[in-house]
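Written out below as structure tokens is the structure these notes cover.
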Amino acid sequence: MGEGVKCVITGTNIKALGRAVHSLSRIGDELYFEPLEDGLCLRSVNSSRSAYASFTLAPLFFHSYEATGGTCHCKIHMKTVISVFRSLPSLEKTVEKCLISLNAEKSRLVIQLLCKYGITKTHNLSYQDCESLQAVYNPDTCPNMLRAPARLLSDAVMHFPQTLAEITIMASPCGKVTLRNYVEEDIDSTKTMLTELSLSRDEFLVYQLKKQSDITFCLREFRGLLSFAESTSLPVSIHFNTAGFPAVFSVDDTVLEVHFVLATLSDTDRASQSESQYNRPPLHSSEDDFLGDDIDYMIAMETTVTHSPPPSSPTFCGHSCINPFQEAQDPLSDDEPDAGVPGTPPNKKFRSLFFGSILANSGHSNQEILAEDSDREEE
């Protein structure tokens, strides 16, 4: 049980690590920490399995990086990690070096911040052993791909209120992308503010659209990715299909790879959402709760004891991609997420693992995101 990691981060990369943690905190309540020989992987998934994020930091990102003893998978409560990197301006001004070490024998993740004037802040964070959390997806199967400067997308979404849960992107092969706030059909449009913004083909670095697509996804997680991408001055790539298929947002560089996989609202649920809210019979059992879900956010989970490699970059064609059609081995039902769970819009229910088999029988698309979660069997 001597596996672990020892790494040192210096300069502006300390703040970049802090921003990565802040972005992951918009996804879920737990941070999955996985040191590998080819880099450190930080991942998170929300309780409804409708959003997944992964940061892979290459050894070149660190001043020194050493993964020892073998593979180690653990998860840490997100609030404890956020407390270490809470003040990003303070990290940049006062912290000169960050030391991270993980020792499985003591079940502690130790983060030391070496500050100016000889001050050292040591944080001993407890963790739980787990299996590797790995989403399985293939961006190359998506017919549409957009790439744009992070600043362009940040300036676009800033026109939408912070309280907005979901946003719709309407992309056309003719060369126009429109962003619009999503409004449920049962809401009186005369009492709702509608915001719409259009971008032309010339404003994008890459504009590859094979068919018209309108996708609706959660805005909170998207803002988190844009915040990180803008701080690093890296462009954002968006791989997507039609409504109901997951959208993959990525940021790539020689020292890091960032992937956000967000479920999208299906056309079937969007069309019948209003009618179902008024005609749905009373539900009692937990299984009926899933049958009454309003939104078709599809991310299934699976439990495995086999290690999976970090997600490959969709913007580098030489990288291999993971099979997106891998079958879940032992599906179990999830409880309904609380209203305060990060990444869960208010007053909406999300399809979880249990719903993967039901979708296949109801005529919905079976292109799902499969992920490996260590605690599925424990729940």
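Quick caveat, the model's predicted, so the values are computed rather than measured.
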Answer with yes or no whether the side chains of [Y] and [X] bring together a donor and an acceptor at under 3.5 Å.
X      : Y      : result
Thr264 : Thr216 : no
Glu230 : Ser154 : yes
Thr168 : Arg180 : no

Under the 3.5 angstrom rule, does the side chain of [X] hit a backbone N or O of [Y] as a donor-acceptor pair?
X      : Y      : answer
Arg201 : Pro173 : yes
Asp129 : Cys74  : no
Asn144 : Lys210 : yes
Lys116 : Lys93  : yes
Thr141 : Asn138 : yes
Asn46  : Ser50  : yes
Asn13  : Ala16  : no
Tyr137 : Val248 : no

Legend entry - Carboxylate-amine/guanidinium contact Lys15 Glu92, below 4.0 Å: yes
Legend entry - Salt bridge present between Glu34 and Arg43 (N-O < 4.0 angstrom):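 Salt bridge: yes.
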Inset, instruction - Would you please classify the geometry between the Phe222 ring and the Phe217 ring as parallel, tilted or perpendicular, with 30° and 60° separating the classes? - result: perpendicular
Legend entry - Heavy-atom neighbours of Glu196 CD exceed 12 at 6.0 Å: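 Enclosed.
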Inset, instruction - Look at atom CZ of Arg151 and say whether more than 12 heavy atoms of other residues, nucleotides or ligands are closer to it than 6.0 Å. - result: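 Open: at most 12 neighbouring heavy atoms sit under 6.0 Å from CZ of Arg151.
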